[in-house]
Structure formats: C-alpha cells, structure tokens
*Asks:* 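To start, I am sharing the structure in question, which I have written as structure tokens.
Whatever order the structure lists ligands and atoms in, that order sets their numbers, starting from 1.
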Amino acid sequence: MSSTKIWTHKGTFLLAAVGSAVGLGNLWRFPYLTGENGGGAFILVYALTIAVVGIPILIAETLLGRASRKSPIMGMKYLTESHGTSRHWQVIGWMGASAAFIILSFYSVIAGWAIHYTWLMFSGQLSGASADVISASFGELLASPNQLLLYHTLFMLASALIVGMGIHKGIENGLRFMMPALFIILMIVLAYGVMTGDAVAAIKFLFTFNLNDLSLEGWLQAMGQSFFTLSLGMGAIMAYGAYMSKEASLTRTAISIALVDTAIALIAGIAIFSLVFGAGMDAGQGPGLMFVTLPIAFADLPGGALLGGVFFILVIGAALTSAISLVEPVAAFLVERFGFSRPLATSIMAGLCWLLGLLTVFSFNLWSEGTWTHQLFGRSPFEILEFLTNIMMPLGGLLIALFAGWALSREEVLNEMDTNDRWFHTWQFLVRFIAPTAVAFVFLRTLPQVEGYLIPALGAALITAAFTAGRTFATRQNKV
Ligand code: TRP
C-alpha cells in the first residue's frame with residue numbers, strides 16, 4: 001500500500017521540505033514585511049522565533065508524519081488510536097488538510113502574477129517605462145479576471161501534473177531538477193543586485209538591529225511569518241515526513257531546513273533591497289514591493305528586462321515547489337482512504353482548489369467591493385480565506401506542539417528522535433510551554449477586532465485552556 005512508500009534517499013526529505021519552505025514566503029512576503037517593519041529588528045525577532053518555536057514544531061510535525069507513515073488525516077487517526085489518546089486530536093489532520101486546500105487556492109493565483117511578470121519582463125514591455133506606467137500595469141492585471149484566470153489555471157495544472165506523477169517520478173524528480181536550478185538563479189540575481197544596486201544600504205537595512213524600531217504589531221508579524229515560511233501547521237511537512245527515511249535525524253534535518261530557508265530569505269532580501277535602494281526607492285511599499293517597486297528598479301537598469309524575467313522565473317519555480325507540498329496531503333489522503341489512483345486523487349484535489357481559487361480571482365475585480373462578504377465582514381472573499389488560514393496555521397502548530405509534547409509517549413518520541421536526554425528535555429520544554437505560548441500570541445493577532453484589555457485576557461484564557469487540554473489528553477505513560 002501507499003503507506004509504506006519512502007523517499008529514494010536519506011536526504012530527499014530535506015530537499016522536499018526545503019522546496020516546500022522556500023516560496024512566495026521568502027521572495028515576496030519576507031522582503032515586504034521586513035521593509036514595512038523597518039529592517040533589522042524585524043529580522044532579529046523572526047530569527048529568534050524560528051529558533052525557539054519554528055524548529056521545535058518542525059521536529060514535532062515531521063515526527064508525527066514519520067511515526068504514522070500516513071497522510072495527515074489518516075496518520076492522526078492512527079496515532080490517536082495506537083496511543084489511546086482522545087479522538088479529538090484528529091482535528092489536527094482535518095484542519096491541516098483543509099488549510100492546505102484553502103492556501104493553495106489563493107497561492108496559485110498570486111504565483112500566477114509572477115507568470116504575467118515573467119512575460120512582461122522578457123518581452124521588454126517594461127524596459128524604460130516610468131514608475132506610473134509600471135504601477136498601472138499591476139492594476140490592469142488585477143482588474144482582468146481573464147488574465148488572472150489563465151495564469152491561475154496554468155499554475156494549478158503544473159502543480160497537479162507533478163504530484164499526479166507520484167512521489168518518486170513526479171515530486172522527487174521535479175525537485176531534483178528545480179531546486180539546484182532555483183539556487184543558481186538566486187545567485188545570479190544576487191550578483192546582479194549587488195553589482196548594479198546599492199548593496200551597502202541593503203545590508204545596513206537588513207542587519208542593523210534596533211529593537212526600539214519594532215512595533216508590537218511587528219513582533220507579531222515576525223512570528224506569523226516564521227510559521228508561514230517553514231510551512232508549519234497544515235500537514236504539508238507531516239505528509240512529506242511520512243516518506244522520510246528512518247535513518248535521517250529529525251533534529252539535524254529540522255535545523256538544516258530552518259537554516260537554508262532563512263539564508264534564502266536573507267539572500268533574496270539583499271538582492272531585492274540592493275535594487276530598490278539603488279533606484280532610490282522606499283522599502284516600505286507593502287505587498288506591491290515585488291510586483292511594482294522591483295519592476296520599476298529593473299526598468300532602468302542595463303539588462304534589467306532579462307534579469308527581471310529570470311527573477312520572476314525563480315518566483316514561479318519556488319512557488320511551484322511549495323504548491324506541490326500543499327497538494328500532497330489531500331491527494332495522499334484520497335489515495336489511502338478511497339483507493340483512488342494518484343492521478344485521479346490529484347485531479348480531484350487540484351480541480352476543487354482551482355474552483356475555490358475563483359473566489360480569489362474575482363476578489364481583485366468583479367467582487368472587489370460590494371459583495372455580501374463585504375457587507376457582512378468588511379472583506380473580500382480572498383481576504384476572508386486568508387484570514388481563515390491565518391487562524392488555522394498557528395492553531396494547527398499549537399495543537400501539533402501540544403500533541404507531540406503531552407499526548408505522545410516518551411518512548412515513542414525518544415525512539416523517533418534518537419537523541420540525548422538533554423536535547424530531548426529542551427525540545428520537550430519548548431513544545432510543551434514556549435511554543436504554545438508564542439503561538440497563542442500570534443493567534444490573537446489574527447483577531448483584530450479584539451482590542452485593548454481583551455487581548456491579554458483572551459491570551460491568558462487560551463493558554464490556560466491549551467495547557468489543561470494538553471494535560472487531560474496526555475497518555476498515562478507520559479505522566480512523569
Ligand atoms: N512556505 C511556503 C512559502 O514560504 C508556503 C507554504 C507552502 C506553506 N506549504 C505550506 C505555508 C504549508 C503553510 C503551510 O511560500
């Protein structure tokens with residue numbers, strides 16, 4: 001059966017997890033959030049969260065996948081039954097799969113924008129264009145449902161094709177080709193950025209740590225970003241972990257994923273901000289940094305159209321290796337649960353996701369205002385989907401930390417982790433206490449309507465509830 005499938009090599013999980021982690025989060029979201037939050041201080045908090053929250057949860061999520069050797073939904077069912085814990089923990093699998101489903105629906109639309117910009121760049125349409133023209137071209141893209149739909153369809157088809165070919169022929173082979181290619185492109189873009197732009201200003205901006213610059217909101221965004229960028233909390237890592245070799249070390253692998261992912265975000269940051277500062281522009285442009293500010297910088301540079309095109313290919317490729325990790329959890333579930341063939345399971349997943357993606361496509365034009373969602377919630381359908389996943393992602397991470405920290409037996413964890421006592425206790429402390437506390441904090445950020453004194457009150461309640469739940473659900477062996 002599919003549940004005994006394993007990656008071809010000991011290191012393939014690392015490759016796949018890095019492919020999942022490195023995506024729009026690194027190239028688009030990280031630079032613009034850093035830019036909006038004033039640079040170094042944001043990065044400091046982000047790196048700190050990766051270390052004390054991200055890595056422990058990454059270990060926990062991989063562990064759940066490898067210990068069950070099943071897709072997240074079936075894996076959680078298996079783990080709760082074999083460990084005699086409460087059935088309620090199975091929500092981890094269901095929520096993860098639903099979140100993956102929702103994220104992919106809009107991830108694909110945004111990745112599609114990069115397809116459009118690749119074309120705009122290579123065809124030279126933006127060379128020498130003025131800033132106004134370039135800003136307007138982004139507006140025109142968003143205003144056109146047909147164009148967005150075309151790119152969304154192309155991107156979803158590509159993701160489905162890779163996953164449909166199976167974990168060896170499709171995912172592994174795809175990654176083995178794409179990951180080195182992406183790395184080379186990144187290095188080319190970095191060299192170009194440093195040579196033609198203002199690298200000194202970029203490095204100063206990224207590595208001057210002044211914590212006073214950072215707002216509370218910035219702290220919270222830094223934490224949220226560390227989850228998103230590591231692909232945590234929605235079963236993607238669990239699904240890949242199910243195929244991980246028993247010989248690979250969980251700890252070393254998790255640390256490598258975090259280091260590579262962070263290094264790539266920083267390299268992308270240096271490249272992008274060198275170009276942006278070199279063109280005398282402002283870093284704090286928000287989400288338009290990659291699709292407006294950067295093209296403006298490219299437009300004036302020698303070879304800018306070519307390099308700009310190459311850069312957007314990097315964005316498409318990085319997004320694709322992340323998107324396949326979002327297709328996998330649900331596709332694998334359909335194969336396991338209903339015995340569908342992989343191509344059929346993948347087509348169902350991608351087809352439904354494509355349909356849901358229409359909500360995002362129309363949110364930028366036909367439904368950009370005045371729909372019932374605006375009347376009811378003051379947001380476009382896309383904003384609602386994004387809001388939902390912003391809740392599900394940290395919540396999934398929280399539950400994974402609590403389940404691995406409190407409900408699994410010590411023997412099971414030690415057996416999987418294969419590590420010394422000191423590190424085991426450190427990890428356990430982090431997933432039992434530190435990660436849940438931090439996640440509860442991030443979680444509350446996604447409830448902007450709750451303000452003032454209500455936030456601390458709700459935070460305390462949530463943390464208490466989480467710990468109580470953790471203790472109640474803990475297995476007997478676990479009570480030390
Ligand atoms: N980590 C990816 C990025 O940085 C996005 C992503 C892929 C993701 N799979 C995920 C985010 C699973 C959360 C969960 O672009």
*Asks:* Does either side chain, that of Glu61 or that of Tyr240, offer a donor lying less than 3.5 Å from an acceptor on the other one?
*Replies:*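 Side chains of Glu61 and Tyr240: no pair found under 3.5 Å.
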
*Asks:* If a pair satisfies side-chain hydrogen bond (donor to acceptor under 3.5 Å, both in side chains) and one of its residues is in residues 174-188, list it, with sequence neighbours excluded.
*Replies:*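 Pairs touching residues 174-188 that pass the test: Glu172-Arg176.
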
*Asks:* Can you list every side-chain hydrogen bond (donor to acceptor under 3.5 Å, both in side chains) pair that touches residues 255-264, not counting sequence neighbours?
*Replies:*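 Non-adjacent pairs meeting side-chain hydrogen bond (donor to acceptor under 3.5 Å, both in side chains): Asn26-Asp261, Thr229-Asp261.
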
*Asks:* Could you pull out every protein residue that has a heavy atom closer than 4.0 Å to ligand 1, ordered by chain and then number?
*Replies:*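 Residues within 4.0 Å of ligand 1: Ser20, Ala21, Gly23, Leu24, Gly25, Asn26, Tyr107, Phe228, Thr229, Ser231, Met234, Ala236, Ser322, Ser325, Leu326, Met393.
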
*Asks:* Under a 4.0 Å N-O cut-off, is there an ion pair linking Lys70 with Glu336?
*Replies:*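 Salt bridge: no.
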
*Asks:* Roughly how far apart are Ile92 CD1 and Met76 CE, rounded to 0.5 Å?
*Replies:*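 So the gap between those two atoms works out to 4.0 Å.
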
*Asks:* Under the side-chain hydrogen bond (donor to acceptor under 3.5 Å, both in side chains) test, which residues partner Thr34, sequence neighbours left out?
*Replies:*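 Thr34: no side-chain hydrogen bond (donor to acceptor under 3.5 Å, both in side chains) contacts found.
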
